[in-house]
Amino acid sequence: MTNPPNLEAHLEAGIGRLQDGLDGFAGESGTPLSGRMRNAGGLAQQGLGEICDTVRDFTADRPLFALLGASFVGFVITLITRRRR
């Protein structure tokens, strides 16, 4: 049978290894995984910005089509939500 001080030492060592592994996975100290995650986030933000710019330009150029498109989207969403009830 294991005595309590030895058991506590093993638990503390195991917890320390687990924390080190999680810190590495989370991306502390600039691991390549964290760099890739930041890069993907930046690309997604850039893409969303381009989409918003395109929608704004289209709305400014063709307000009637934008209004009809928004009405159609609202109608479809209403149909979907009414069927669920």
Side-chain angles (χ1 to χ4, degrees):
M1 189 121 177
T2 308
N3 58 6
N6 194 13
L7 178 63
E8 289 177 10
H10 285 297
L11 286 175
E12 288 179 8
I15 290 172
R17 285 193 304 263
L18 179 64
Q19 287 175 340
D20 290 342
L22 289 176
D23 288 344
F25 181 74
E28 286 187 5
S29 70
T31 61
L33 178 63
S34 68
R36 282 184 262 157
M37 289 170 50
R38 275 192 294 257
N39 189 23
L43 288 174
Q45 189 174 12
Q46 181 182 4
L48 185 60
E50 290 176 5
I51 290 171
C52 288
D53 289 342
T54 302
V55 169
R56 184 185 63 229
D57 292 343
F58 182 78
T59 303
D61 293 342
R62 298 179 183 93
L64 182 61
F65 286 121
L67 180 63
L68 290 173
S71 299
F72 178 73
V73 169
F75 179 73
V76 170
I77 290 172
T78 301
L79 287 177
I80 291 171
T81 57
R82 290 193 80 204
R83 287 186 181 175
R84 291 186 181 182
R85 292 184 190 174

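Counting begins at 1 with the first residue of the sequence.
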With salt bridge (Lys or Arg N to Asp or Glu O under 4.0 Å) as the rule and sequence neighbours excluded, what pairs involving residues 63-78 come up?
none

Applying side-chain contact (heavy atoms from CB on, under 4.5 Å), can you list everything that pairs with V76, at least two apart in sequence or on another chain?
F72, I80

Would you list the pairs meeting side chain to side chain donor-acceptor pair (under 3.5 Å) in which at least one residue belongs to residues 56-77, sequence neighbours left out?
D53-R56

Just wondering, are more than 12 heavy atoms of other shown residues or ligands nearer than 6.0 Å to CZ in F65?
no

